[in-house]
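Worth knowing before you read on, the calculation uses all heavy atoms, side chains too, and leaves out hydrogens, waters and symmetry mates. Numbers restart at 1 for each chain; the letters A, B, ... are given by sequence-line order, proteins then strands.
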Number of protein chains: 2
Amino acid sequence: MASLPVLNQPPRRSGALLDNLARRMRLHAEGVLAPLGLRPRHLVALTVLRDRDGSTQQALATTLMMDRATVVGLLNDLEADGLVERQRSPEDRRRHIVRLTDHGARLLAKAEFSLAEVEDAVLCALDTDQRAQLYDLLALAASGPEHGPDHGGCGAAAAAQDDAPDASC
Amino acid sequence: MASLPVLNQPPRRSGALLDNLARRMRLHAEGVLAPLGLRPRHLVALTVLRDRDGSTQQALATTLMMDRATVVGLLNDLEADGLVERQRSPEDRRRHIVRLTDHGARLLAKAEFSLAEVEDAVLCALDTDQRAQLYDLLALAASGPEHGPDHGGCGAAAAAQDDAPDASC
DNA sequence: TCATTGGTTTGTGTAGCACCAACGATTTAT
DNA sequence: ATAAATCGTTGGTGCTACACAAACCAATGA
């Protein structure tokens with residue numbers, strides 16, 4: 001086995017690239033977000049909240065991969081600015097349902113609008129189509145399962161015919 | 001103008017998604033990298049160095065968007081582990097040329113191999129083709145121009161027919 | 001009744017930076 | 001030749017964004 005001359009080049013992981021690009025984006029974005037009273041982590045929270053509106057704080061903590069206590073502080077920031085609302089869940093009155101307010105949605109749109117220049121600076125090696133492709137892939141990946149600390153997320157072995165850390169090497 | 005009914009939906013920026021996904025990757029990766037004596041930022045540095053081998057520390061600082069003093073410390077770590085070498089540039093003896101050692105290249109490959117499970121956990125919503133696409137896009141974007149603090153990087157207005165922060169709104 | 005869970009508060013600690021200032025070695029401009 | 005600028009280095013200070021732990025209240029479920 002493993003004899004097909006399919007270019008058995010060593011695996012390239014996207015993790016480091018992701019990290020590096022995210023850093024560039026974040027640093028460039030800080031200057032643009034500051035006048036709006038936002039910092040990068042607020043933007044991330046708002047963005048997550050737009051897609052998963054009405055999440056519990058616990059669910060939010062899971063998708064953000066943050067400690068619940070940290071999420072409390074983050075939401076305090078956002079709620080103080082009226083970007084987000086906490087409502088008691090009717091089903092389980094211990095829970096808080098977090099909702100994006102109109103003001104929050106509008107500010108998010110505004111922020112994304114002004115982030116055009118940032119994306120332009122960082123992703124300038126990509127044309128419009130490629131940027132759209134990238135966004136779609138990221139959105140798909142991010143929409144994935146909850147990443148609890150325990151389970152790997154999906155039903156194991158999603159798309160791993162490539163190389164898995166087993167023997168054979 | 002701006003009258004074509006081309007789905008004038010508000011712009012979606014990939015910055016926040018990038019940030020969030022990078023975070024998930026990094027947190028998952030820490031546990032895998034630790035036994036190899038690496039931390040996420042070391043992996044980023046090694047990865048950058050594989051593509052831009054023989055860079056000056058200054059160039060490295062630019063692509064990593066880090067302070068030169070910080071880069072010194074980072075390289076000290078890597079050089080102490082024999083993953084990287086500093087050589088005086090013959091042309092300008094002030095400069096240091098940074099090279100990946102064989103040991104460094106081998107450890108990087110090893111790390112990437114073990115990172116399969118991490119990528120599998122985080123990108124499990126993507127199939128193999130999509131993961132490859134994502135990697136290519138990221139690599140292309142990262143291979144882009146030097147992101148000095150001043151200029152936007154590329155020759156302005158690369159692929160920005162979409163929406164630019166001008167009037168008209 | 002008692003154990004559990006969701007959110008909150010208040011610590012304490014840490015990693016990963018930035019920024020500043022000063023220095024030696026070297027190159028470049030005057 | 002002298003002065004100015006550049007590259008890397010060191011050491012210091014300080015900040016941000018977290019994690020983690022402990023204790024608490026309210027509410028749910030056993």
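- Atoms CG (Leu75(B)) and C1' (dC7(D)) sit 13 Å apart, rounded to a whole Å.
- Distance CG (Leu64(A)) to P (dG7(C)): 13 Å, rounded to an integer number of Å.
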Would you be so kind as to tabulate the donor-acceptor pairs closer than 3.5 Å made by side chains of residues 78-85 of chain A, with sequence neighbours excluded?
from: Glu79(A); atom 1: OE1; to: Arg86(A); atom 2: NE; distance (Å): 2.9
from: Glu79(A); atom 1: OE1; to: Arg86(A); atom 2: NH2; distance (Å): 3.2
from: Glu79(A); atom 1: OE2; to: Arg86(A); atom 2: N; distance (Å): 3.3
from: Glu85(A); atom 1: OE1; to: Gln87(A); atom 2: NE2; distance (Å): 3.4

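- Rounded to whole Å, the distance from CD1 on Ile97(B) to C1' on dC7(D) is 11 Å.
- Between Leu18(B) and the options Leu138(A), Asp19(A), Val44(A), a side-chain contact (heavy atoms from CB on, under 4.5 Å) holds for only Leu138(A).
- A search for side-chain contact (heavy atoms from CB on, under 4.5 Å) contacts involving Gln130(A) returns Leu126(A), Asp127(A), Leu137(B), Leu140(B), not counting sequence neighbours.
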- Note on the structure: In B/S/- notation (B base, S sugar-phosphate only, - none; protein heavy atoms under 4.0 Å), nucleotides 15-30 of chain C written 5' to 3' is -SSS------BBS---
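- For Arg95(A), the side chain to side chain donor-acceptor pair (under 3.5 Å) criterion is met by Asp92(A), not counting sequence neighbours.
- Spacing between atom CG of Asp77(A) and atom C1' of dT16(D) amounts to 12 Å, rounded to whole angstrom units.
- For Ala139(B), the side-chain contact (heavy atoms from CB on, under 4.5 Å) partners are Leu17(A), Tyr135(B), not counting sequence neighbours.
- In this structure, Gln58(B) places its CD atom 4 Å from P of dC7(D), rounding to the nearest Å.
- Rounded to an integer number of Å, the gap from Asn76(B) CG to dG11(D) C1' is 13 Å.
- Contacts classified as side chain to side chain donor-acceptor pair (under 3.5 Å) and involving residues 64-75 of chain B (residues at least two apart or in different chains) are not found.
- Atom CD of Gln87(A) and atom C1' of dA26(D) are 18 Å apart (whole Å).
- When rounded to the nearest whole Å, the span between CD of Gln57(A) and C1' of dT9(C) equals 13 Å.
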